[in-house]
Amino acid sequence: MDTAYLKIDSMSPDPEVIARAGRILKEGGLVAFPTETVYGLGGDAFNASSSRRIYEAKGRPSDNPLIVHICRFDDINRIASNVPEAARTLADAFWPGPLTMILPKDSALPSETTGGLDTVAVRFPSHPVAAALIDAAGGFVAAPSANRSGRPSTTSGAHCLEDLDGRIDMILDAGEVGIGLESTIVDLTTPVPEILRPGYVTKEMLRKVLGEVETDRGLAEGSDVRPRAPGMKYRHYAPRGVLTVVEGDPGKVTSYINARLDEARAAGKRCGVICTDETAGAYRADVVESTGARADEESAAHSLFRILRDFDTRNVEVIYAEAFPEDGLGGAIMNRLLKAAGHNIVYPGKI
Ligand code: TXA
Ligand code: MG
């Protein structure tokens, strides 16, 4: 299949290009498009065969449900059988934006789209291209992140091309996304709302508007409970090199990583480090990638997936990453980094 690759302005998308992409979706085809979090791989949410094609193009297990994207709050009633007050409260505070809500599914929505579950994940993105495309497609676009299953999510059109060229009908390239990490997922079908995937909208922000909010116990490091979002149980985002996260006192972290780098280089391995500006000059690695100033969590969120992909392009075989503080957006960053590392974390100097 030939994949059409079209540049599109992120603030004022060309209506003709949007109409063409919308037609593809209505006819059962697949289009990768930008959102404010990461790129999505869209298909018509009400077309079961589109959803099957999404799983196939990504190489994703079909028990891992898709998020349904809407562009008007009221459309939520077409896909959810019950919309609790909490959903309205959250929508007022955070939609359109980087938040996904889990609600009971309406029977009209094909079970292929929700991976056989009786709940549905709903998101109302704020990116102008996403909003225009969803509208042009008829209002309901099922879209996982636009990466091959297991790889880091895509944060630019070029990443989508890398993973999906020849496998989908069209890629809309609006440049780099703003946030760089996928949306926060909150389950509203539980007695107390529960975060199933941390993201840009933090627990503190959710608590301000909802009161009580918990985090899925399956997300805690070392937990033996299964995460409740099916996608959180898979190994994900992994670069091809072996990645280790190092947590602790900054001086100890730097000297620990340098000692391991020296060993790896002596063994003829190509080495990389993920760190921040404060320590970037201290490492003896082939590739040193800084996420920006240590205090700048937004910059770390924005660059993490790109950095993981860069290591693959540059054939890095051994990677060490400094850990991030877990408050605020740091929690979402560490969640992705630990998944990329297969939960391989060390604490130098800690007994
Ligand atoms: O920011 C985002 O959310 C991006 C953009 C494209 O919108 N989308 C995204 O989709 O990250 P995906 O498919 O890569 O991740 C969706 C996650 C998966 O972990 C999936 O298991 C979970 O949401 N999920 C979807 N429906 C669910 C449901 N009904 N119950 C629990 N988890 C669900
Ligand atoms: Mg994904």
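Predicted model only: the values in this text are computed from it and were never measured. Both ligands and their constituent atoms are indexed starting at 1 by order of listing.
Checked against a 3.5 angstrom limit, the closest N/O atoms of Val38 and ligand 1 fall outside it. Some N or O of Ser145 is nearer than 3.5 Å to an N or O of ligand 1, by distance alone. Below 3.5 Å of separation, one finds an N or O of Thr37 facing an N or O of ligand 1. For a threshold of 3.5 Å applied to N or O pairs, the pair formed by Tyr39 and ligand 1 contains no separation below that value. For ligand 1, the polar-atom distance check against Thr119 finds a nitrogen or oxygen pair separated by under 3.5 Å.
Checking Asn147 against Thr154 by side-chain atom types alone, no donor-acceptor pair falls below 3.5 Å. For the residue pair Ser145 and Glu182, no side-chain donor N or O sits within less than 3.5 Å of a side-chain acceptor on the partner. Between the side chains of Ser51 and Thr113, at least one donor N or O sits under 3.5 Å from an acceptor N or O.
Near Gly40, the atoms of ligand 1 lying under 4.0 angstrom from a non-hydrogen atom of the residue are 6 (C). Residue Leu117 has at least one heavy-atom neighbour below 4.0 Å for each of these atoms of ligand 1: 28 (C), 29 (N), 30 (N).
Of the options Leu41, Thr35, Ile67, the smallest heavy-atom separation from atom 16 (C) of ligand 1 is shown by Ile67.
For Tyr39 and Phe33, the gap between ring centers reaches or exceeds 6.0 Å.
At a 4.0 Å cut-off, not a single heavy atom of Lys105 sits close enough to ligand 1 to count as contact. At least one heavy atom of Ile102 sits closer than 4.0 Å to an atom of ligand 1.
Checking Arg306, Arg151, Arg167 one by one against Glu162, the salt bridge (charged side-chain N to carboxylate O under 4.0 Å, His left out) holds for a single residue, Arg151.
When distances to the Mg ion (ligand 2) are checked against a cut-off of 2.8 Å, Asn147 contributes no N, O or S atom below that limit.
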